Amino acid sequence: MRPDGQDDDMTVDPQRALVVGVDYGTLSGRAVVVRVHDGAELGSGVHAYPHAVMDSQLTAGPAAEAGEPVALAPEWALQVPADYVDVLKTAVPAALAAAQAEHGIDVNDVIGIGTDFTACTMVPTTADGTPLCELPEFADRPHAYVKLWKHHAAQSHADRINALAHERGEAWINRYGGLISSEWEFAKGLQLLEEDREVYDAMDHWVEAADWIVWQLGGRYVRNACTAGYKGIYQDGEYPSTDFLAALNPEFAGFVADKVEHEIGQLGAPAGRLTAEAAAWTGLPKGIAVAVGNVDAHVTAPAANAVEPGQMVAIMGTSTCHVMNGDELHQVPGMCGVVDGGIVEGLWGYEAGQSGVGDIFGWFVDNGVPPAYVTAAAERGLSVHQYLTELAAEQQIGEHGLIALDWHSGNRSVLVDHELSGIVVGQTLATKPEDTYRALLEATAFGTRTIVEAFTSSGVPVTELVVAGGLLKNALLMQIYADVTRLPLSTIASDQGPALGSAIHAAVAAGAYPDVRTAAKSMGKRTVAAYTPIEENSQRYDALFAEYSTLHDYFGRGANEVMHRLKAIRREARADRLGADA
Ligand SMILES: Nc1ncnc2c1ncn2[C@@H]1O[C@H](COP(=O)(O)OP(=O)(O)O)[C@@H](O)[C@H]1O
Ligand SMILES: O=C(CO)[C@@H](O)[C@@H](O)COP(=O)(O)O
């Protein structure tokens, strides 16, 4: 029910109707107010999560407050669910206020809200959705917190799931390119069971954060078809069997039935109506449509109006996700997954990804640049990224004499192995920071080409690369991607791609459009072929890509397991230093 007592969302004049999209990223949540008939963005707000990512210690809970924070082991990455609610209380009202100030909008014209989230990001909850970390008895227990998508500490659990799936000939493993990731629901769930049985037993639901936030907004728990299909191994109406789970660990047999299985909602459908409490948090009208949850990458395809087969959308930020629709079902080695209706209804949605992209450039800026560069950048009014990019752009292709592997956050596609690590080959005493920075930019482009080639050679041809996300602003990087992939590179015409995509889903959930594909045509936008490949550059990159592929297979396909051994040595050494509890 609308506050004015009306039931029908579209009683609002269609020319005036508005929706709100909220994008939950790795470090912050962003809200945008969008006009339904043309996708115009009228106001936005952002809120950084106060606890950001907890990857070395718990910065929440009584122990942290007492100045003795609980230490976390390597590869952990946790978040605090209350930070997500803060986004509703701050970023949404800020977006509404901006839209009111700049465009004089009337908040009663808002007919729906949609959200997207990082994934697979998991919240263990009680039956009513209370996160376990909010219970006093579990407030200092790492396993009671949200496991963020880049929590990579469940690789050994993923390895067991993969080995057993192949041993038993489980059909579903082929829908995931032959390997499921340590980032996903089952690997993280098995880690939880085996490392903190008490928390596991107290958990009634193992909830994607994408669905948890919708639960907070609309008062109903509905599992979205997107994360269920990709991260939750839900294919053709079934999860992995009880027999399979029992063979992994007899105590895990009830994982699906007891913790995971729940009503599934289709993308663009309403999951509920905005509750009085959520209306008070956000300043939005009570009773408006709340769209079924979704993933940051997948909502961005309609935001770029790029949902047709062959249009691969790369959402490039901290990490890169590649999503693309196809008419047919194919097995692509090393893809994250293929799900019927995983992006839009009626098409097979394919996903692949690179776990570290902007994160790798950020790591280098933070750890590999001498003070003189930082000062020079500041004097020019540039960020260190911009300064290094400017210097790197002056070089000929290959002039730095380097080749890098982009695995500093592991490899999601096509190797699906988070025990891999980064490397730069060719450094000399003459190597400068801009050389290494450029080699890292190029390495991520080679990673994307490896993914594109895996799709094309598996019968899912890629014809256009559509880029969205924060890295769009780096023009050198965009030209490198066009040259390396030899694809026309289109760019999304919005700074808030995922939030706009969520707003599109809100418009569909509120009944303003019949489906997401139709809504995308009116509300989504991109600049077609903003960058095109330069053949001479492409030929030079072919030589470097051949070297990348050799290193990729040597370190990534078993010829030399040094990266795995180093991570094991690191774990042992760290445990020795911190004691058995670390
Ligand atoms: N000019 C730049 N060139 C390349 N990378 C950059 C630049 N500026 C920031 N970055 C990187 O972009 C990433 C943030 O991207 P963004 O899309 O804003 O974040 P998110 O993926 O969390 O939504 C960071 O990892 C940062 O290191
Ligand atoms: O993996 C997915 C989606 O499947 C992403 O949510 C994850 O890589 C995080 O994305 P960002 O780099 O924060 O945009």
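Quick caveat: nothing in here was measured; it's all calculated off a predicted structure. Start at 1 and go down the list; that is how both ligands and their atoms are numbered.
Aromatic ring centres of Tyr84 and Tyr49: separated by under 6.0 Å. Aromatic rings of His385 and Phe361 (six-membered ring for Trp) have centroids beyond the 6.0 Å cut-off, not under it. Aromatic rings of Tyr234 and Trp172 (six-membered ring for Trp) have centroids beyond the 6.0 Å cut-off, not under it. You'll find the ring centres of His552 and Trp407 inside the 6.0 Å limit.
Checked against a 3.5 angstrom limit, the closest N/O atoms of Ser319 and ligand 1 fall outside it. Remark: ligand 1 and Gln386 share no N or O pair separated by less than 3.5 Å (distance only, no angle test). Of the polar atoms of Asp359, at least one N or O is found under 3.5 Å from an N or O of ligand 1, judged by distance alone. For ligand 2, the polar-atom distance check finds an N/O of Thr26 within less than 3.5 Å of one of the ligand's N/O atoms. Residue Gly317 has no nitrogen or oxygen atom sitting less than 3.5 Å from a nitrogen or oxygen atom of ligand 1, judged on distance alone. For ligand 1, none of its N or O atoms has an N or O atom of Ser383 under 3.5 Å away. Residue-to-ligand polar distances keep Leu471 apart from ligand 1: every N/O pair is separated by 3.5 Å or more. Of the N or O atoms in Lys231, one or more lie within a sub-3.5 Å distance of an N or O in ligand 2.
The shortest contact between atom 14 (O) of ligand 2 and any protein heavy atom is with Asp296 OD2, 3.6 Å. In this structure, atom 3 (N) of ligand 1 lies nearest to the protein heavy atom Asn474 ND2, 3.0 Å. Closest to atom 2 (C) of ligand 1, if we only count protein heavy atoms, is His385 CB, 3.4 Å. The single protein non-hydrogen atom nearest to atom 9 (C) of ligand 2 is Trp149 CE2, 3.3 Å, given as residue, atom name and distance. Here the protein heavy atom with the shortest distance to atom 14 (C) of ligand 1 is Thr318 N, 4.2 Å. For atom 23 (O) of ligand 1, the closest non-hydrogen atom of the protein is Arg30 NH2, 3.2 Å.
Ion pair Asp359/Lys150 flagged as a salt bridge, since at least one NZ, NE, NH1 or NH2 atom sits closer than 4.0 Å to an Asp/Glu carboxylate oxygen. One finds a salt bridge joining Arg223 and Glu185 here, because a Lys/Arg side-chain nitrogen approaches an Asp/Glu carboxylate oxygen to under 4.0 Å. Of the charged side-chain nitrogens involved, at least one lies within less than 4.0 Å of a carboxylate oxygen, so that Glu464 and Arg526 count as a salt-bridged pair. Using a cut-off of 4.0 Å between Lys/Arg side-chain N and Asp/Glu carboxylate O, Arg517 and Glu308 are scored as salt-bridged. Arg175 and Asp236 are joined by a salt bridge, as a carboxylate oxygen and a charged side-chain nitrogen come within less than 4.0 angstrom of each other.
Proximity annotation for atom 11 (P) of ligand 2: of Ala352, Gly317, Ser319, Cys336, Ser319 comes nearest, heavy atoms only. Comparing Ala119, Ala210, Gly25 against atom 1 (O) of ligand 2, the shortest heavy-atom distance belongs to Ala119. Nearest-residue assignment for atom 17 (O) of ligand 1 (options Pro498, Gly470, Gly356; heavy-atom criterion): Gly470. The closest heavy-atom contact to atom 4 (O) of ligand 2, among the options Arg412, Glu183, Glu351, comes from Glu351.
Using 4.0 Å as the threshold, Val295 has a heavy atom nearer than that to some atom of ligand 2. Glu390 does not count as a contact of ligand 1, since none of its heavy atoms falls under 4.0 Å from the ligand. At least one heavy atom of Tyr437 sits less than 4.0 Å from an atom of ligand 1. Between Gly358 and ligand 1 there is a heavy-atom distance shorter than 4.0 Å.
The distance from the SG atom of Cys321 to the CD atom of Gln354 is 9.5 Å, given to the nearest 0.5 Å.
Around the CD atom of Glu238, the shell of radius 6.0 Å holds no more than 12 heavy atoms that belong to other residues, nucleotides or ligands. Counted within 6.0 Å of NZ on Lys432, heavy atoms from surrounding residues, nucleotides or ligands total 12 or fewer; the atom is thus considered open.
Aromatic ring orientation, Phe364 versus Tyr437: tilted (interplanar angle from 30° to 60°). Ring geometry, Phe117 versus Tyr24: the interplanar angle falls under 30°, so the pair is classed parallel (tilted spans 30 to 60°). Taking the six-membered ring where the residue is Trp, His151 and Trp76 present perpendicular rings, their angle passing 60° and hence far from 30°.
Of all the atoms in ligand 1, the ones that sit under 4.0 Å from a non-hydrogen atom of Gly362 are 27 (O). Atoms of ligand 2 lying under 4.0 Å from at least one heavy atom of Thr318, given by number and element, are 12 (O). With ligand atoms numbered from 1 in the order given, ligand 1 contributes 4 (C), 5 (N) to contacts under 4.0 Å with heavy atoms of Phe361.
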